[in-house]
Amino acid sequence: SVRMSRRNNDKGMVPITRAFLREHFKDWKLPLDCEEGLARVIRMQERLNEAQTALGALDGTVATLPQALSIAKPKRIDEKGYRLRQTSEEIVDALKDSCLATLRASLDSRTPGGSSDAVNIIENALRGMRNQAEEMGTAVIAFQTANRDHVEKFVFERMPRDWRAGVIRKLRERSERKCAAEVATLEANRATIRQKYDMLWKQQMDRRAQLVSLGSATGIFKMAIKFISGCPQALLDFVKSINDDEGPLEEMRVTYAPNLQRVLDLAHETHVTIRMFLKAQPLVPIIDGENGRTTVKSIADLFTEAGAVMKEEVARYLDFFGRVFRGAPFFITVEEAGTFHLGSDSDMAFVEVTVARGQCHDVCLEVSEANSAVAWEFNVADKDIGFTVLFRDPTNGKEEVIVSSRRYNSSSPVIQGEHLVEQAGTYVIRFDNSYSLFTSKTLKYRVMTVSPSECVESIHSSRASSSTALQIVCTAEE
C-alpha cells in the first residue's frame, strides 16, 4: 500500500487560527535591540528627509523626485520583502560603476588641482552603500528561501511518499521555470526594476489565487486533488484560509509588519536621497556650504551612516522574524483552536447505489499503467457493508485479493483510501452485502484510478494544480 509519512499524525488537527497566534505571539515580543534599532531607523530617516529638503532647495529640478519615486506602502509582509529587494536593486543600479565614474569626473572638474579628500570620501561612501545594498538584497532572498523551504518540508511530510510526490515536485519546478522565463523576457525588453518586481509580486499573488482555488475546490475536482496529490483535508483547509485578509497571518502582519515597514521606508528614502544627490551634485558645495551642513562631505557622512543602519537593522529584523515564522505552528488541536471546523464534503459528488440482500456491487476499474493509484471514498447509510479490492486475471478471470475484506458500519465516518497497484489490468472494488439475509444496504461512493502520465496531464491542465500546495509562500515568505 501507499507509504504515508506525517499526514496520519495530523488527524484531529485543524489549521491555526488568528486567535491562537495572538496568544502565541505574546511569547515572541520584539527584543530590546530591535526596538532600539527602530529608533535608529526613525532618526536616520528624519536626517535623510532633511537632506532631501536641502538638496531640493539647491536644485529645484530634483524637488519632484521624492514624489516621482514614491511607492505605495505594501500591506503584506511578503510584499514588503519583495519591495525591499526592489529598493536594494535600485540603489545598486543608481551606484553602478558608470554612474560613479561620471560623479567622480564632475567633482574632480570642480576641485582645484584635481581630486580632494572629499571626493574620495563620497566615492568610498557610495561604493560602501552599494555593497551594503547588495548584501541586504541577498539577506532578504536567503530569508525568503529559508521560509519557503520550511513550508515545503511541512507540506511534503504530509503527502504520500510515492510517485505522486515526484510528479508534484516536477510540476512545481516547471511552474517556477515558467515564472523565471517571464521575468527574463521582461528584463530583455529593458523593463524597469520596479516593473520587474511588480511582475514578481503578481506571480506571487497568482500562486495565492491558485491556493485559494485549490482549498475551495468542490465536487469531482476536489476528489481529484485529494486522490491525485494525496493532500489531507486539513492541508486543503490550511491553504484555503491561511492568507485571508482576516486569516491567521493577519495577526502576524499586525504584530510585526510595522517594524519591517520602517526598515523599508529607510531603504526607500536612502534611494531617493542618492538619486537627488547624483542629479543635484553640481550645485552642492564640496566642503563648505552656506548653511554649514549640506556639502558633498556631509552627504558622504550621511550615506555612510545610513548604509550601516539599513544593513544592520534589516539583518536584525530578518533574524528575529525568521525565528518567529519558523517557530509558529501550522496545525493545532481542536481544543487549542477552540472550535472544530473542517471543510464540508457534503457538496462532493457521490454515486448512490442500493446493494440487495445477499448480493455484491462491483465497480470495475481499468488500469492502463503499472504503478497507478486506485482510490476510493464511501459510506453506508445504515447497518454495515463489506469492502474489498481485487485484481482480475485477464487470462482466466480469477480474482486476487489486493485489499483484504473488511466490514464498515454506518457509524464510521466517510471511508477514504488508496492503493498503489504494481501492474496494469482490471481491478474490482467490491461492496459486499452477500452475508445479509434480509436487509438491503444503501451506500454512496466514488472511485477513481490515476496513472502517472494521467496525473501529470490532469494536474497540469487543471485550473488549480495540486502542486500549488507547495507555494504556501506564502506564503512561505510570510
Side-chain angles (χ1 to χ4, degrees), residues 1-4 7-12 160-162 164 219-220 222-234 342-451 454:
S1 61
V2 176
R3 294 188 296 118
M4 306 303 292
R7 65 185 292 194
N8 290 331
N9 295 333
D10 294 325
K11 288 183 177 179
R161 294 178 180 175
D162 58 21
R164 289 176 289 186
I220 293 298
K222 182 175 183 179
M223 184 176 77
I225 291 173
K226 293 176 72 175
F227 287 168
I228 292 175
S229 71
C231 287
Q233 181 61 49
L342 290 177
S344 172
D345 289 335
S346 61
D347 57 352
M348 296 177 68
F350 284 85
V351 175
E352 183 173 320
V353 66
T354 298
V355 185
R357 59 187 178 87
Q359 302 294 315
C360 294
H361 178 76
D362 288 351
V363 182
C364 294
L365 298 173
E366 296 298 330
V367 175
S368 59
E369 295 182 38
N371 296 318
S372 295
V374 174
W376 58 86
E377 191 168 5
F378 69 91
N379 70 339
V380 59
D382 64 302
K383 304 294 183 179
D384 58 11
I385 195 76
F387 174 84
T388 187
V389 180
L390 310 157
F391 173 71
R392 183 172 292 165
D393 192 308
T395 59
N396 55 28
K398 290 184 178 180
E399 294 178 339
E400 175 188 353
V401 175
I402 301 299
V403 176
S404 300
S405 178
R406 178 180 172 183
R407 290 189 191 182
Y408 295 92
N409 60 47
S410 58
S411 63
S412 301
V414 175
I415 306 303
Q416 298 176 334
E418 62 272 320
H419 186 84
L420 195 64
V421 300
E422 297 180 355
Q423 57 183 318
T426 302
Y427 289 81
V428 180
I429 291 182
R430 177 166 294 163
F431 298 102
D432 185 2
N433 196 34
S434 62
Y435 56 85
S436 180
L437 298 177
F438 305 105
T439 307
S440 298
K441 309 291 175 60
T442 298
L443 65 108
K444 294 181 179 180
Y445 72 88
R446 57 190 173 205
V447 298
M448 71 183 305
T449 176
V450 183
S451 68
E454 289 172 334

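This is a predicted model, so every value here is computed, not measured.
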For [X] against [Y], the heavy-atom pair lying closest together:
X	Y	answer
Val380	Leu443	CA-CB, 4.0 Å
Ala381	Ser410	O-CB, 3.5 Å
Cys360	Ser434	SG-CB, 4.2 Å
Glu422	Tyr427	N-OH, 4.3 Å
Ile402	Leu390	CG1-C, 3.9 Å

Sequence neighbours left out, what passes side-chain hydrogen bond (donor to acceptor under 3.5 Å, both in side chains) with Thr354? Give chain and number order. Thr442
Given the rule in the side-chain contact (heavy atoms from CB on, under 4.5 Å) test, do Thr388 and Asp432 qualify, once you have shown the distances and angles that lead to the verdict? CA-CA 8 Å; Thr388 187; Asp432 185 2; 5.9 Å; no
Could you tell me the separation between the CZ atom of Phe391 and the CD atom of Glu399, rounded to the nearest 0.5 Å? 10.5 Å
Quick one: pull up CG in Asn409 and NZ in Lys383 and give me the separation to the nearest 0.5 Å. 11.0 Å
Kindly assign one of parallel, tilted or perpendicular to the pair His361 and Tyr445, based on the angle between their ring planes and the thresholds 30° and 60°. tilted
Which class fits the ring pair Phe378 and Phe431: parallel under 30°, tilted 30 to 60°, perpendicular over 60°? perpendicular
Backbone N or O of [Y] within a donor-acceptor pair of the [X] side chain at under 3.5 Å?
X	Y	value
Thr426	Glu366	no
Arg357	Leu437	yes
Asn433	Gln359	no
Asn379	Tyr408	no

Could you check whether any side-chain heavy atom of Ile415 comes within less than 4.5 Å of a side-chain heavy atom of Arg406, counting everything from C-beta outward? no
Whether Asp384 and Lys441 form a salt bridge (side-chain N of Lys/Arg under 4.0 Å from carboxylate O of Asp/Glu) is what I want to check. yes
